[in-house]
2 protein chains.
Amino acid sequence: MARTAAPGTRERIITAAAPLFYRYGVRAVGMAQVIEAAGCGKNLLYGHFPGKSDLVAAYLTVVRAERDRSIGAALAATDGPRAALVAVVAEIAERVREPAFRGCAMRIYLTEFPAIDDEPGRIARDYLTSTRGQIGDLVRALDGDTVLADQIWLIIEGLYASANRPDTDQSAMAAVTLARSLLAAP
Amino acid sequence: MARTAAPGTRERIITAAAPLFYRYGVRAVGMAQVIEAAGCGKNLLYGHFPGKSDLVAAYLTVVRAERDRSIGAALAATDGPRAALVAVVAEIAERVREPAFRGCAMRIYLTEFPAIDDEPGRIARDYLTSTRGQIGDLVRALDGDTVLADQIWLIIEGLYASANRPDTDQSAMAAVTLARSLLAAP
DNA sequence: GTCTATAATGGGATAGAC
DNA sequence: GTCTATCCCATTATAGAC
């Protein structure tokens with residue numbers, strides 16, 4: 001009897017690979033390491049992902065889905081673009097303070113592979129432009145000028161960069177304080 | 001007759017390696033590539049640098065010296081801690097706008113090798129704590145609170161992270177504007 | 001002696017075969 | 001799942017050119 005394909009294998013592999021890629025970097029993690037963590041055979045993995053690049057792309061796609069969900073939840077709990085912008089910064093600030101947080105996975109990937117234009121890179125860049133667009137939309141919705149959007153974006157970039165630094169907590173607080181003061185109603 | 005050792009070989013190798021490491025990342029650049037760029041033989045390089053890690057450490061040491069010089073020059077041209085803080089942000093903002101600029105070499109290295117505690121990593125971390133200390137000193141000199149220092153530092157982190165993004169110029173302007181407004185005399 | 005050029009070594013990686 | 005082909009890389013050893 002032929003065994004039926006186990007469902008959720010793809011997700012299981014991605015779930016095993018994601019924390020490794022995130023923590024140690026994509027380049028530092030080999031396929032053998034992923035296979036061991038997933039507890040599967042080589043054929044199974046290469047059946048689902050023809051190459052490492054495909055697995056990395058899937059990893060970043062999952063990251064993006066999680067991010068969209070978290071940001072969406074933060075936005076849904078707010079009332080109006082002003083509160084929404086504060087909520088976005090606050091959500092990132094909270095995440096940055098988590099001990100395992102090492103920065104934005106997309107940005108880390110782009111730093112790791114600056115000169116390569118592949119599928120994961122496209123996913124990462126798309127995510128950045130999309131997120132930046134959301135900030136711009138929110139600022140426009142509150143009749144703010146483009147400089148305000150650039151400033152909020154700068155705070156977000158700084159926040160991500162401050163992850164895993166000695167003074168992450170202070171940076172996170174400073175970011176929220178700064179965003180609040182920029183967004184204080186005139 | 002024995003040939004005398006060529007002077008400046010060490011510097012020549014570092015000068016050849018630095019732009020490669022910076023542009024493509026330390027991991028992506030092989031020793032063969034460095035050797036080709038330096039136009040020397042393998043033995044000569046390994047005579048001056050026992051391993052790749054030593055070469056990378058030398059590269060980051062040069063980067064640090066250049067940074068200290070640039071920041072020092074920017075500070076020397078200013079009058080008082082308030083102007084100095086603006087000058088520091090402005091100097092980075094100018095650098096970020098250069099086409100070849102890809103971010104802070106130290107931060108890039110730490111992102112590339114997050115889980116390794118080696119000599120280059122120590123150099124990079126030392127640089128960050130030292131630079132952060134300078135900001136703190138300047139803020140204290142103008143009787144600012146620690147939150148102000150955290151905010152300036154956040155701006156600097158965001159500025160570096162904004163390098164090689166589609167909207168680098170706007171980020172750079174936003175950073176200077178933001179720093180100026182934070183440092184406007186009360 | 002100082003250097004270049006080139007092979008050789010050993011480790012680890014992706015990926016395919018079975 | 002194991003085994004293997006192939007490649008890349010850091011490093012060392014060797015041979016020869018000036």
Side-chain angles (χ1 to χ4, degrees), chain A residues 1-6 8-10 12-14 16-60 108-109 112-121, chain B residues 1-60 109 112-121:
Chain A
M1 273 289 282
R3 284 202 308 187
T4 59
T9 303
R10 205 186 137 87
R12 191 162 51 90
I13 293 170
I14 298 173
L20 295 174
F21 284 150
Y22 181 68
R23 170 155 193 189
Y24 302 105
V26 168
R27 214 161 198 156
V29 174
M31 293 298 264
Q33 209 174 333
V34 172
I35 284 159
E36 194 198 352
C40 70
K42 222 175 206 188
N43 288 346
L44 191 56
L45 189 149
Y46 278 102
H48 284 274
F49 305 96
K52 184 176 182 179
S53 184
D54 302 88
L55 178 57
V56 174
Y59 151 62
L60 291 183
I108 291 173
Y109 180 84
E112 246 190 310
F113 300 92
I116 298 176
D117 185 29
D118 55 358
E119 179 66 8
Chain B
M1 267 295 279
R3 283 203 311 192
T4 58
T9 302
R10 204 187 138 86
E11 278 65 32
R12 189 163 52 90
I13 293 171
I14 298 174
T15 302
L20 295 173
F21 284 150
Y22 181 68
R23 171 156 192 188
Y24 301 106
V26 167
R27 211 158 200 159
V29 174
M31 292 298 263
Q33 210 175 334
V34 172
I35 284 157
E36 195 198 351
C40 69
K42 255 180 192 183
N43 286 349
L44 186 58
L45 188 148
Y46 278 101
H48 285 271
F49 304 97
K52 185 176 181 178
S53 184
D54 302 88
L55 178 57
V56 174
Y59 151 62
L60 290 184
Y109 181 84
E112 247 191 308
F113 300 91
I116 299 175
D117 185 29
D118 55 357
E119 178 67 8

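We name chains A, B, ... by the order of the sequence lines, and we start the count at 1 in each one.
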Is a donor-acceptor contact shorter than 3.5 angstrom present between the side chain of B/K42 and the base of D/dT11? yes
Selection from C/dT4, C/dT14, D/dT12 that lies nearest to any side-chain heavy atom of A/Y46: C/dT14
More than 12 non-hydrogen atoms from neighbouring residues, nucleotides or ligands closer than 6.0 Å to CD on A/E36, yes or no? no
Heavy atoms only, 4.0 Å cut-off, all strands: where does A/C40 land among base, sugar-phosphate and nothing? nothing
B/L44 has an atom CG; how far is it from atom C1' of C/dC3, in whole Å? 7 Å
Need one value for B/G39: base, sugar-phosphate or nothing, where a base atom within 4.0 Å counts as base even if backbone is also close, heavy atoms only. sugar-phosphate
Rounded distance [0.5 Å steps], OH in A/Y22 versus CG in A/L60: 12.0 Å
Could you tell me the separation between the OH atom of A/Y109 and the CZ atom of A/F21, rounded to the nearest 0.5 Å? 10.0 Å
Select base, sugar-phosphate, or nothing to describe what A/V34 touches, counting heavy atoms under 4.0 Å on all strands. nothing
Checking all strands, does A/G51 fall into the base, sugar-phosphate, or nothing category for heavy-atom contacts under 4.0 angstrom? sugar-phosphate
Within this structure, what is the CD-to-C1' distance between A/E36 and C/dG12, rounded to whole angstrom? 15 Å
What is the distance, to the nearest angstrom, from the CE atom on A/M31 to the C1' atom on D/dC7? 16 Å
Please give, in whole Å, the distance from D/dT11 P to B/L45 CG? 10 Å
Assert: residue with more 5' nearest nucleotide on DNA chain D, out of B/K52 and B/N43, is B/K52
Would you mind reading off the distance between B/Q33 atom CD and D/dC9 atom P, rounded to a whole angstrom? 8 Å
Roughly, in whole Å, what's the span from CZ in A/R27 to P in C/dT14? 11 Å
Could you report the tightest heavy-atom contact between B/I14 and B/Y59, atom names first, then the distance? CG2-CA, 4.3 Å
A/E112 side chain to A/G25 main-chain N or O, any donor-acceptor pair under 3.5 Å? no
Using atom CD1 of B/I35 as one end and atom C1' of D/dC9 as the other, report the distance to the nearest whole Å. 11 Å
